[in-house]
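Reckoned from all heavy atoms, side chains included, excluding hydrogens, waters and symmetry mates.
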There are 2 protein chains.
Amino acid sequence: MRKTGRKSDCPINYAMEIFGDRWTFLIVRDLMFKNKSHYNDFLHAEEKMATNILANRLQLLEENNIIIKEIDPTHGSKWIYSLTPKGIDLLPLLVEMIVWSAKHDKKTAADKAFVKKALTNREKLLQEINAALTAKN
Amino acid sequence: MRKTGRKSDCPINYAMEIFGDRWTFLIVRDLMFKNKSHYNDFLHAEEKMATNILANRLQLLEENNIIIKEIDPTHGSKWIYSLTPKGIDLLPLLVEMIVWSAKHDKKTAADKAFVKKALTNREKLLQEINAALTAKN
DNA sequence: CTGTATCCTTAGGGATACTG
DNA sequence: CAGTATCCCTAAGGATACAG
C-alpha cells in the first residue's frame, strides 16, 4: 500500500511520500519521546490506531530504513523496534513540530511534560549545532 | 473532508491532523520557498495535484489560519494566497524536513538550489534563535 | 504477544466538465 | 483565471476474527 511511485525529487515531497499520512509520525514519536518499543505499546497509544494499519506502517518504516526490528533479548515479548540513525535524525524535525503546535494550539500546551522535554532537547540541539557551525568557521 | 474529530491533544497529533496527508505541506512549500501565490501556480507544481484536492486543501489551510486569501490588488488574477504568522512559523519545521531529506536521499540532493536556500535560512534562523536565547539569559 | 486476514465503509483522489 | 461539481475507482482505515 502507498506505492504509487515518486512524483518529484523535491525534498519536501520525499518526506511526504514516507510521512504523508495520519499515523507514521505518531509511531516515530512513541519511539523517540515515549520510550515505546513493542507492537502493543504502539497499538495502545492514545490515538488508537488499527492493528492492520500499525503493521503496515511498521513495515514501511522498516523498508525506508527508519526503524529496525530485532529479537527482544529479554524475550518478555518477541520483537523490539528501534530507530536507526536515519530515524534519530528526525529529532529536530519532530521538535520543531512540537514547538509549533505548542505555540499555536491551546489544548496541545496541556501536555506540558512532553513539550518541556522537546524544548529542552531543542536548546541542547541548537547549542550542539551552533557549536559545530562555529567550529567550522 | 478530513473531519473526524480530534484523537488526542498531543502536539504531534495536532500537526498531523492538519498536515497528515500527501499534499498540504507541498502547498506551504510553494508559498514559502517558491514564491507562488496563485491557484494556478500551485496547480502546476511538479507533483500535479488535482484541482478538487487543491481547492479542498486551500480551504482547510485557511480554516486553520495558516494561509489567508485576499483580492489580488494587481487584478492580473483574482485571488492571492499568503502565509499568516502561524504559517510563517512553519519555516523551521520545513527547513528541518529539507535538511533530513537532503541528507538521506540521493535524488533529493539533486535539487541543489532549493536545498542550499533552506540551509542558508537554517543558519540564519539558528543565529537568530541563539541570539534570542543568549539575550534571555 | 505479535502479528495476518477479512469484511466492509468511508475518504482520497484522478479525470474531466462546467460556471462566474 | 479561479475555482465547483460530478463521476468513478482505489486506497485508507475501523472492527473483528484468527494464527503462530
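- For the atom pair NZ (B/Lys34) and SG (A/Cys10), the distance works out to 5.0 Å, reported to the nearest 0.5 Å.
- When only modelled atom types and interatomic distance are considered, A/Thr51 and A/Tyr39 share a side-chain donor-acceptor pair under 3.5 Å.
- To the nearest angstrom, P of D/dC1 lies 13 Å from CG of B/Asp72.
- Residue A/Tyr81 is classed as a sugar-phosphate contact, given heavy-atom separations below 4.0 Å to backbone atoms only.
- Rounded to whole Å, atom P of C/dG14 lies 4 Å from atom NZ of A/Lys7.
- Regarding contacts with the backbone of D/dC1, every side-chain N or O of B/Trp79 stays at 4.0 angstrom or more from both OP1 and OP2.
- Residue B/Arg57 places none of its side-chain N or O atoms closer than 4.0 Å to OP1 or OP2 of C/dG12.
- Each of A/Lys78 and A/Met49 was assigned the nucleotide of DNA chain D with the nearest heavy atom; the assignment lying further toward the 5' end belongs to A/Met49.
- Nearer the 5' end of DNA chain C, as judged by each residue's closest nucleotide, is the contact made by A/His38, out of A/His38 and B/Thr51.
- Side-chain contact check for A/Lys78 versus A/Ile71: every heavy-atom pair is 4.5 Å or farther apart.
- Taking atom CG on B/Leu58 and atom P on D/dC1, their separation rounds to 16 Å, with Å as the unit.
- In this structure, A/Ile53 places its CD1 atom 17 Å from P of C/dC7, rounding to the nearest Å.
- In this structure, A/Trp100 has its ring center under 6.0 Å from that of B/Phe19.
- For the pair B/Leu54 CG and C/dG12 P, the interatomic distance rounds to 15 Å; values are reported in whole Å.
- As rounded to whole Å, 11 Å separates atom C1' of C/dC1 from atom CG of A/Asp41.
- Remark: C1' of C/dG3 and CG of A/Leu61 are 16 Å apart, rounded to the nearest angstrom.
- DNA chain D is contacted by both A/Ala50 and B/Lys69; B/Lys69 maps to the nucleotide lying nearer its 5′ end (nearest heavy atom per residue).
- In this structure, the CG atom of A/Asn52 is 14 Å from the P atom of D/dA17, given to the nearest Å.
- A salt bridge does not link B/Asp21 to A/Arg22: none of the charged side-chain nitrogens sits closer than 4.0 Å to a carboxylate oxygen.
- Phosphate proximity of C/dG13 to B/Trp23: present, with a side-chain N or O under 4.0 Å from OP1 or OP2.
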